[in-house]
Amino acid sequence: EAQVTQNPRYLITVTGKKLTVTCSQNMNHEYMSWYRQDPGLGLRQIYYSMNVEVTDKGDVPEGYKVSRKEKRNFPLILESPSPNQTSLYFCASSFTRNGELFFGEGSRLTVL
Amino acid sequence: SQQGEEDPQALSIQEGENATMNCSYKTSINNLQWYRQNSGRGLVHLILIRSNEREKHSGRLRVTLDTSKKSSSLLITASRAADTASYFCATDSRLFSNDYKLSFGAGTTVTVRA
């Protein structure tokens, strides 16, 4: 089954404790992207990757890091989480940057 | 930055009625997409309409695109309780020759009452 898998789905952490949200897709998509969703703000892009070893900033990259060492994986790293990073995070993938996006089920992160 | 903006923000209709929501955008696009999100879940792609298309259908969904007005509409006919969700438009804007940026609006929340 074609899917994008994120883990963890739910996480409560404390300020400053490094965490990684994993994302994996099994559709051989070149394009992958991370979004955060906050009430009234829609989806805002954090980082994206056009292919292996190619990543770039989206609209709200501050406080986040990503890597793309393999085509299928695109982890999101919060080196020192802060409460303003409390949000619902989505990973998505696509064959092309402006094509149909396939979304993961989301990771709800709370930073205390 | 939000390229597309949906209107209305929220919509409540009776089962069996039609639901219409609109999306307006600012700059020229190559395509416009509509997505559905059930509460707290991942977004699901509904339909993609290209800039040279004016109307597209998929089951009970009908999407129109008016590039002169920079707007699109999504019509859901004969709504069902299962259509209760948030609906988002996503528009691409060309940054460079082969580089596009896909931007989402804040969404329209549709509630279908039984």
Side-chain angles (χ1 to χ4, degrees), chain A residues 1-7 9-10 21 23-25 27 29-51 54-61 86-110, chain B residues 1-10 21 23-52 56 58 61 63 85-109:
Chain A
E1 180 189 354
Q3 59 185 2
V4 178
T5 304
Q6 297 178 226
N7 280 296
R9 294 287 315 282
Y10 302 91
V21 186
C23 174
S24 181
Q25 51 94 4
M27 294 167 280
H29 286 163
E30 292 191 344
Y31 180 77
M32 296 186 75
S33 181
W34 276 102
Y35 295 88
R36 61 178 287 174
Q37 185 177 30
D38 302 288
L41 296 178
L43 272 78
R44 293 180 293 169
Q45 190 178 48
I46 303 170
Y47 268 95
Y48 65 93
S49 170
M50 299 290 286
N51 212 327
V54 181
T55 63
D56 211 342
K57 297 176 181 178
D59 297 317
V60 288
T86 292
S87 188
L88 180 58
Y89 291 87
F90 289 102
C91 179
S93 71
S94 175
F95 281 113
T96 61
R97 186 172 176 183
N98 63 339
E100 174 187 349
L101 280 170
F102 292 79
F103 281 82
E105 282 297 304
S107 297
R108 188 169 291 281
L109 171 64
T110 301
Chain B
S1 59
Q2 286 183 348
Q3 154 84 312
E5 292 188 6
E6 293 91 344
D7 172 64
Q9 287 187 325
M21 61 210 84
C23 172
S24 59
Y25 57 91
K26 299 184 179 71
T27 61
S28 297
I29 61 170
N30 288 283
N31 69 58
L32 184 146
Q33 305 177 45
W34 285 92
Y35 290 81
R36 184 188 74 232
Q37 182 184 33
N38 291 96
S39 182
R41 306 287 299 273
L43 280 73
V44 175
H45 183 264
L46 295 176
I47 201 162
L48 181 152
I49 186 166
R50 301 192 188 284
S51 59
N52 61 354
K56 209 162 181 180
S58 177
L61 305 179
V63 168
S86 292
Y87 293 82
F88 295 86
C89 71
T91 52
D92 69 345
S93 51
R94 179 177 285 183
L95 300 177
F96 303 103
S97 60
N98 265 325
D99 195 17
Y100 301 92
K101 177 179 172 63
L102 194 67
S103 300
F104 287 82
T108 292
T109 300

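Here is the naming used below: chain letters follow the sequence lines, and residue numbers restart at 1 for every chain. Predicted model, so just to flag it, every value in this text is computed and none were measured.
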Point-to-point distance, once rounded to the nearest 0.5 Å, from SG of Cys91(A) to OH of Tyr35(A): 10.0 Å
Residue selection (most heavy-atom pairs with chain B, distance under 4.5 Å) from Gln6(A), Glu100(A), Arg9(A): Glu100(A)
Largest heavy-atom contact set with chain B, pairs under 4.5 Å, which of Gln37(A), Glu105(A), Gln45(A): Glu105(A)
Criterion side chain to side chain contact (heavy atoms under 4.5 Å, CB included) against Phe88(B), the qualifying member of Leu43(B), Thr108(B), Leu46(B): Leu43(B)
Atom group of Leu101(A) that falls short of 4.5 Å from chain B, counting heavy atoms: both
Gln9(B), CD atom: more than 12 neighbouring heavy atoms under 6.0 Å: no
Residues that Glu30(A) engages under side-chain contact (heavy atoms from CB on, under 4.5 Å), provided they are two or more places apart: Asn51(A), Lys71(A)
